[in-house]
There are 4 protein chains.
Amino acid sequence: MSGLQRGRPRSAHAHQAVLAAAVELLTSGGYQRLTMEAIAAKAGVGKQTVYRWWPSKAAIVAEAVLSGHLAAAASPLAETGDVVTDLRDWLSGQLARLTDPSSTALLRGLTAAAAESDDDAAKLYERFTGPFRQYVVRRLAIGVQQGQLRPDARLDAAADFVIGALIYRTLTHGNLSGQGGVDDLIEVLLAGLGPRPGTTATSPG
Amino acid sequence: MSGLQRGRPRSAHAHQAVLAAAVELLTSGGYQRLTMEAIAAKAGVGKQTVYRWWPSKAAIVAEAVLSGHLAAAASPLAETGDVVTDLRDWLSGQLARLTDPSSTALLRGLTAAAAESDDDAAKLYERFTGPFRQYVVRRLAIGVQQGQLRPDARLDAAADFVIGALIYRTLTHGNLSGQGGVDDLIEVLLAGLGPRPGTTATSPG
Amino acid sequence: MSGLQRGRPRSAHAHQAVLAAAVELLTSGGYQRLTMEAIAAKAGVGKQTVYRWWPSKAAIVAEAVLSGHLAAAASPLAETGDVVTDLRDWLSGQLARLTDPSSTALLRGLTAAAAESDDDAAKLYERFTGPFRQYVVRRLAIGVQQGQLRPDARLDAAADFVIGALIYRTLTHGNLSGQGGVDDLIEVLLAGLGPRPGTTATSPG
Amino acid sequence: MSGLQRGRPRSAHAHQAVLAAAVELLTSGGYQRLTMEAIAAKAGVGKQTVYRWWPSKAAIVAEAVLSGHLAAAASPLAETGDVVTDLRDWLSGQLARLTDPSSTALLRGLTAAAAESDDDAAKLYERFTGPFRQYVVRRLAIGVQQGQLRPDARLDAAADFVIGALIYRTLTHGNLSGQGGVDDLIEVLLAGLGPRPGTTATSPG
DNA sequence: CGGTAAGCGAGACGGTACGTCGTGTCTTTCG
DNA sequence: CGAAAGACACGACGTACCGTCTCGCTTACCG
């Protein structure tokens, strides 16, 4: 066991300050302005301290996402009983959040961080999209339980569709508003998960 | 017209050499190694020449994609008459291509390039995913014509789903093989585009 | 022959600015404050430009000495006809110069620069002490011609004595003033170079 | 009186280890490699312990010199009765020692240490050259007693000459061997200290 | 056909950020 | 309370690229 503590313990304060500084720089100035030197300076920390904790910018961003500093802030999951309504509302909410310039900047930053390091990419995406996926899958599972969706619905595939499309549209079009696309997405998605045609579905009402 | 040509004309050879060098650097060494200096050096070209033609790395990559140097190389579209078979085959083909490490590197590079410049992002994605989208939409449209899909199917939304999920999975999991996920994706997608349950579809034959 | 000029020629202006900046920093703040970054900053020059011209701080200092930016400023050689008077005056003058704090700082800096690099040390000392040595040897040679000094006087050894003692005292005692030591030095030196006892010399008094 | 000892006494072992480590680093790797961290590491000592005892590198080197770790190792003074023979032998011996690369490195290191700190310079030189000066002055004094040298000989000036020239030549030429300069130095020096021409010197034999 | 104008390879320029190293201080635990 | 260990804020190091700017040369058009 390496247990015995030797030397001055690492400063939790410095750790937090770095994460906070990174988030602020990322959301304000984009990934361009997210330099190690700027992070250290804004955090009031030596560069060496930053490197002592994280090996790369991507790792910092990843931890910031994980620790909630860059909260995906999944909007609360309303459960009205109707999977269509719920998902539409939730998707609309996410979309509204992603329309916010700072969120777009954040997503862009995450993308850049992920593109930078093969190793960190999976971790980053997992941490960032995890909450989204969780909610989508959970809500769909409930739908399955209630017979609104077919029992063998591919929930993971559906979640990938939703998240992928969300990210793709955000990065592509920059601004998602005014597309009226949410309904289309929902329709395609849910139709594909609904009870098999020909199957006698128990009416949900 | 400003047309009257003065001075030495721009060298098409230099133009091509730059694109080729960029592609090679991108696929071999990732976006990290794709520096303007490296591009110029490998192309045997002065840096100024590069900047004379393109304002940024992203622009070079965009043009490389456009001009087919970084071919999306959309696999030929087989049309067996059955939209499910066709799409599954096509998706499998794309997936196989994206499984190739150099394609992953390329996609990562494109992502990085897009993340770097807000302006170029849309253009880049459009150019890179354009052929994909084109094929998917066209094939789906044929399906609609043939009555295999509902007439009011949201083809654009479907295409976004497919492309988004494809990119997302590539970036996330790195290696797409062995997921058996294609069938799931197809199933979700096509079920959502199929004839409305309860509607009597006229057989196209 | 490498003759053909390629690329932008090196900027003589930058070259000079660096030397000037180095001298100013050295005389004002000592060798401690003579950092590559400070030199570049004060010269209004990129660090890379400094490194392009010189491999080390010591080399910069060496060239500054050579080019007269850090002039040894050998005081004009009075030739009254009496070697004792001349050397005493000259030595007093040098001593007065070396008493000046900036000269002491300079000498200390040169010493530090020399101590830093085995290769540059000889060059540095040679360039810095060269003018001194030249004058001493020349004046002594005249004394030999005029019969004031023995014909086989070891002028080089004498010059080493003078320069060595000068530097040693400056570095050791910091302040040479008020030592009244010049006369002692002169006496020891010239007695050792005077006509051999027993030889019938024209009596100097 | 502050006398009553509280807490753990300072470790003499640590003290010695630091000095030894400093000497080894200085003679092996030059002043460049003589860093506080390296000293502490090689000595198996905490950095703080080093700083607790010495305020600077120069101080460490100074003490190392003083305590004989960096022995000037003045060669034993032979006294044959003839001041010329004795001084020549002694000077040759010193020269041989200084020709040794490790001695040159040491001298360079001392110079660098001295150049670094105005305050420590005098102390360093005094400690390092003290034994030299002592011997030279003593031997010359004997010469005076025995009538080989003039009674009013400036022994301090002479010692400065000898030491200054020795250091200067070592630093300048790196390698003193093969210069045949010792004899020249001796000749100049002793001639300048010999009995005044015209004075009736008691024959030493 | 000679002048003029732009593009060309080359590479130096002023900068910014990199990741590492050393400094001197501090904060732990252990003896 | 000293000593080891080692983290801390700081600042300089030498390198890599950035995007711009001269150079001398080449290649077109135009008068």
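Small disclaimer: the values here were computed from a predicted structure and weren't measured. Chain letters run A, B, ... following the sequence lines, proteins first, then strands; residues in each count from 1. Values reported hereafter were calculated over all heavy atoms of this structure, with side chains retained and with hydrogens, waters and symmetry mates removed.
Mapped onto DNA chain F by nearest heavy atom, A/V45 and C/P55 fall at different nucleotides, with A/V45 at the one closer to the 5' end. DNA chain F is contacted by both A/S11 and B/K57; A/S11 maps to the nucleotide lying nearer its 5′ end (nearest heavy atom per residue). Each of C/E37 and D/Q32 has a nearest nucleotide on DNA chain E; the 5'-most of these lies closest to C/E37. When each of B/A12 and C/R10 is assigned the nucleotide of DNA chain E with its nearest heavy atom, B/A12 is the one assigned upstream, toward the 5' end.
Screening residues 20-42 of chain A for ring-ring contact (aromatic ring centres under 6.0 Å, His included), with sequence neighbours left out, gives no hits.
To the nearest angstrom, P of F/dG6 lies 16 Å from CH2 of A/W53. Going from atom CZ of C/R52 over to atom P of E/dG11 covers 11 Å, rounded to whole Å. Here E/dG19 presents its P atom at 11 Å from CD1 of A/I39, a figure rounded to the nearest Å. When the P atom of E/dA17 is taken as reference, atom OH of A/Y31 falls 14 Å away, rounded to whole Å. Between B/Y51 atom OH and E/dA10 atom P the separation is 17 Å, expressed in whole Å. In this structure, B/L25 atom CG and F/dA16 atom P are separated by 16 Å, rounded to whole Å. Across the protein-nucleic acid pair, C/Q48 atom CD and F/dG14 atom C1' stand 8 Å apart, rounded to whole Å. The nearest whole Å value for the distance from the CE atom in C/M36 to the P atom in E/dG14 is 14 Å.
Here CG of C/L66 is found 4.5 Å from CZ of C/R127. Values are rounded to the nearest 0.5 Å. Taken to the nearest 0.5 Å, the CG atom of B/L124 stands 11.5 Å off from the CD atom of B/E63. Rounding to the nearest 0.5 Å gives a distance of 5.5 Å between CG of C/L26 and CG of C/L106.
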List, with names and distances, any nitrogen or oxygen atoms from the protein found under 3.5 Å away from nitrogen or oxygen atoms belonging to nucleotides 26-28 of chain F.
unit_1, atom_1, unit_2, atom_2, d
F/dT26, O2, B/R8, NH1, 3.2

Contacts under 3.5 angstrom, residues 35-47 of chain C side chains, donor-acceptor by atom type, not counting sequence neighbours:
unit_1, atom_1, unit_2, atom_2, d
C/T35, OG1, C/A38, N, 3.0
C/E37, OE2, C/K47, NZ, 2.9
C/K42, NZ, C/E24, OE2, 3.2

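A donor-acceptor contact under 3.5 Å is not formed by the side chain of C/K47 with the base of E/dG14.
Under a 3.5 Å cut-off, the side chain of B/E116 and the backbone N or O of B/A58 do not form any donor-acceptor pair.
OP1 and OP2 of E/dG24 both lie 4.0 Å or more from every side-chain N or O belonging to D/W54. OP1 or OP2 of F/dA4 has at least one side-chain nitrogen or oxygen of D/T49 nearer than 4.0 Å.
Across all their heavy atoms, C/W54 and C/L19 have their closest contact at CZ2-CD2, 3.8 Å.
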